[in-house]
Amino acid sequence: MTQDQNGPASSERRLLSRRSVLATMGALPVITAATSVLGATEAAAATASINPSAQRQTIKGFGGMTHAAWAGDLTAAQRDTAFGTGDGKLGFSILRIPVGENQSDWSRDLATAKRAVELGATVFASPWNPPASMTETFTRGSQTNAKRLKYSSYAAYAQHLNDFTTYMRNNGVNLYAISVQNEPDYASTWTWWTATEIVNFLKQNASVIGTRVMAPESFQYIKSMSDPILNDSTALANVDIIGAHLYGTPYSNFPYPLFQQKGAGKELWMTEVYYPNSTDSADTWPQALDVGEHMHRAMVEAEFQAYVWWYIRRSYGPMREDGQISKRGAIMAQFARFVRPGYVRIDATANPASNVYVSAYRSGNTVVIVAINKGTSAVSQQFTVAGAGSAGVSSWVTDASRNVASQAATSMSNGSLTVTLPARSMTTFVTSLSGGSSPSPSPILSPSPSPSPSPSASPSGGTGTGPRVAYTMSTWNNGFTASISITNTGTSTIDGWTLAFTLPSGQSITSGWNATYSPSSGQVSARNVSYNGTIAPGATVDIGFQATHTGNTAEPTTFTLNGVPCTVV
């Protein structure tokens with residue numbers, strides 16, 4: 001991604017704007033006022049059927065980019081707005097940062113990355129250029145000074161990426177993934193790569209990189225850049241995430257059948273976009289609803305697991321330059337605050353009426369429904385949730401006058417919910433399959449250890465073989481993060497759980513995600529939060545925490561779930 005035309009004049013890059021390029025290609029989205037075939041009064045849409053048993057992709061999250069060298073760093077307050085999950089926050093769970101060419105630049109984005117991690121976000125990184133010593137110029141069409149990585153420098157470049165990963169880890173940020181190259185097919189001012197070069201690098205060099213590897217991050221989701229990876233078993237074995245950008249990509253090109261055929265075990269992320277443009281204010285309404293439709297289609301038609309904006313703070317971005325959430329940001333928050341990492345998209349009637357878009361997500365017994373009405377009239381919309389009973393429903397709405405505003409509680413009766421979707425609005429509904437009040441919409445993340453919970457009935461379920469636990473540590477000089485996967489290997493559902501383990505001497509938890517931890521050291525209990533208390537047979541729940549250590553980086557050796565000894569893998 002090139003710097004945009006809203007940046008400081010002193011740092012602008014002299015490059016034909018993406019808008020001009022896409023207009024020439026005929027792929028630039030045309031911005032038009034929302035139209036509607038609905039009447040002047042409230043109209044009824046077809047029933048939107050939701051099937052919690054029909055599970056699709058696992059959601060990794062929603063987020064954006066910071067690039068301190070190009071757009072300045074976020075302030076401390078802006079970091080909390082971006083990655084916090086409460087009212088007035090964006091709820092982002094993914095941060096993208098650049099990989100600097102020079103090690104002296106690596107600290108620029110560290111403060112924001114560390115705070116994002118503290119708030120439970122995933123951080124990944126993308127390079128624009130290798131170190132200058134590793135590149136050479138060549139002629140590419142009419143460009144006589146095009147830049148590419150020297151073939152003799154592939155191993156050194158892999159080490160460069162690995163060194164960045166190690167630097168971040170040693171400074172408290174365990175990168176989830178690192179990309180081979182940002183937009184290798186749109187590189188007039190950075191480094192070009194062909195699809196063949198990327199495949200060769202993955203086959204010969206990527207295996208030494210100490211985190212997940214992402215490629216190719218094509219600027220327009222051009223499949224000829226990623227098809228060769230999927231068609232080469234060795235290259236595919238050495239990549240973990242197929243990354244793509246969606247600049248000017250038509251909706252007809254969102255599906256990726258080859259990935260569905262050959263990408264088993266890999267992840268599919270949308271890692272950069274602004275939409276529909278970078279020229280209009282992010283508060284332009286109802287244009288901001290276009291972002292909602294774009295995200296809906298990215299989840300439902302493309303089946304991406306992540307959706308990442310370009311600059312987090314920008315006049316056209318989710319956060320204005322004054323640090324306040326924009327209309328586009330409120331639209332993103334309708335997804336990001338409620339559809340959290342680990343949720344799974346489930347089948348739903350995607351387009352029950354003209355201008356109405358619906359998607360649904362599940363974590364345990366929690367179901368989240370995201371509904372967009374781009375029409376000029378209100379719509380009476382019925383949702384039916386297969387296998388559900390009666391339960392409370394919480395909802396939040398964004399329209400011309402409201403931003404992720406909490407609405408009066410309502411209820412679902414025998415799996416049926418009928419609501420009014422206001423004209424030109426986006427609404428998120430949160431309910432439960434198991435009845436009772438509607439669940440909390442956001443994960444619990446305590447900056448300090450939570451107090452011991454009050455006594456309650458013992459969690460139940462999970463008969464059969466013992467649960468399985470995988471514990472993975474990433475350590476640095478005086479700290480570490482731990483990721484824990486809990487798998488129900490039994491034949492019945494676990495309904496409420498507590499994972500018990502003993503931290504080795506000198507280790508102390510400072511923050512955690514997807515569970516409440518008590519106490520911070522010694523014999524620790526990790527108890528489920530509201531949205532992940534149910535683990536179906538064969539299902540897995542991911543939790544984790546960040547901690548300090550005094551030199552002892554040993555792992556816990558035994559775990560029990562609800563008092564049942566676990567198999568540690």
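Given the structure is predicted, the values throughout are model-derived calculations rather than measurements.
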* Answer with yes or no after comparing the ring centroid distance for Trp269 and Phe124 against a 6.0 Å cut-off, counting only values under it. => yes

* Is a salt bridge present between Asp87 and Arg337, judged by a nitrogen-to-oxygen distance below 4.0 Å? -> yes

* To do: Begin from the C-alpha positions of Lys89 and Asp80 and carry the test salt bridge (charged side-chain N to carboxylate O under 4.0 Å, His left out) through to its verdict.
  => CA-CA 8 Å; Lys89 312 296 185 184; Asp80 287 352; 5.9 Å; no

* Where is the tightest heavy-atom contact between Arg320 and Ser326, given as atom of each residue plus distance? -> CG-CB, 3.9 Å

* Asked: In terms of side-chain geometry, is the basic nitrogen of Glu217 or Arg96 positioned less than 4.0 Å from the acidic oxygen of its partner?
  -> yes

* Calculate, to the nearest 0.5 Å, the distance between atoms OG1 and CG belonging to Thr66 and Leu74 respectively. => 5.5 Å

* Which pair of non-hydrogen atoms, one from Asp290 and one from Tyr275, has the smallest distance, and what is that distance? -> O-CE2, 3.6 Å

Can you give the donor-acceptor pairs under 3.5 Å from side chains of residues 405-415 to other protein atoms, not counting sequence neighbours?
from	atom 1	to	atom 2	distance (Å)
Gln407	OE1	Arg402	NH1	3.2
Gln407	NE2	Ala405	O	2.9

* Asked: Can a donor-acceptor pair be found between the side chains of Gln55 and Arg345 at a distance below 3.5 Å?
  -> no

* Side-chain ion pair, Glu303 and Arg56, N-O less than 4.0 Å -> no

* Test of ring centre spacing under 6.0 Å for Phe304 and Tyr256 -> no

* Asked: Is any side-chain heavy atom of Gln382 closer than 4.5 Å to a side-chain heavy atom of Leu417?
  -> no

* **Side-chain H-bond candidate by donor/acceptor type, Tyr361 with Ser359, under 3.5 Å** => yes

* **Least distance between heavy atoms, Glu293 atom then Tyr357 atom** => OE2-OH, 3.2 Å

* Give the minimum heavy-atom separation between Val123 and Ala116, together with the two atoms involved. => CG2-CB, 4.4 Å

* Are Arg328 and Tyr316 in a cation-pi contact, defined as NZ or CZ under 6.0 Å from the six-membered ring centre and within 45° of the axis? -> no

* Asked: Between Tyr247 and Tyr274, does the ring centroid distance fall short of 6.0 Å?
  -> yes

* Structure fact -> Distance col, row Ile486:CD1 vs Thr540:OG1, nearest 0.5 angstrom, shows 9.5 Å

* To do: Decide if the gap between the ring center of His245 and the ring center of Trp310 is smaller than 6.0 angstrom.
  => no

* Do the ring centers of Phe429 and Phe383 come within less than 6.0 Å of each other? -> yes

* Indicate yes or no: at least one non-hydrogen side-chain atom of Lys266 is less than 4.5 angstrom from one of Leu236. => yes

* Between Tyr311 and Trp70, ring centroids under 6.0 Å -> no

* Structure fact -> NZ (Lys223) and CG (Leu258) are apart, to the nearest 0.5 Å, by 10.0 Å

* Asked: So which of Phe83, Phe338, Tyr343, Phe335 actually passes ring pair (Phe, Tyr, Trp, His ring centres under 6.0 Å) with Phe62?
  -> Phe335

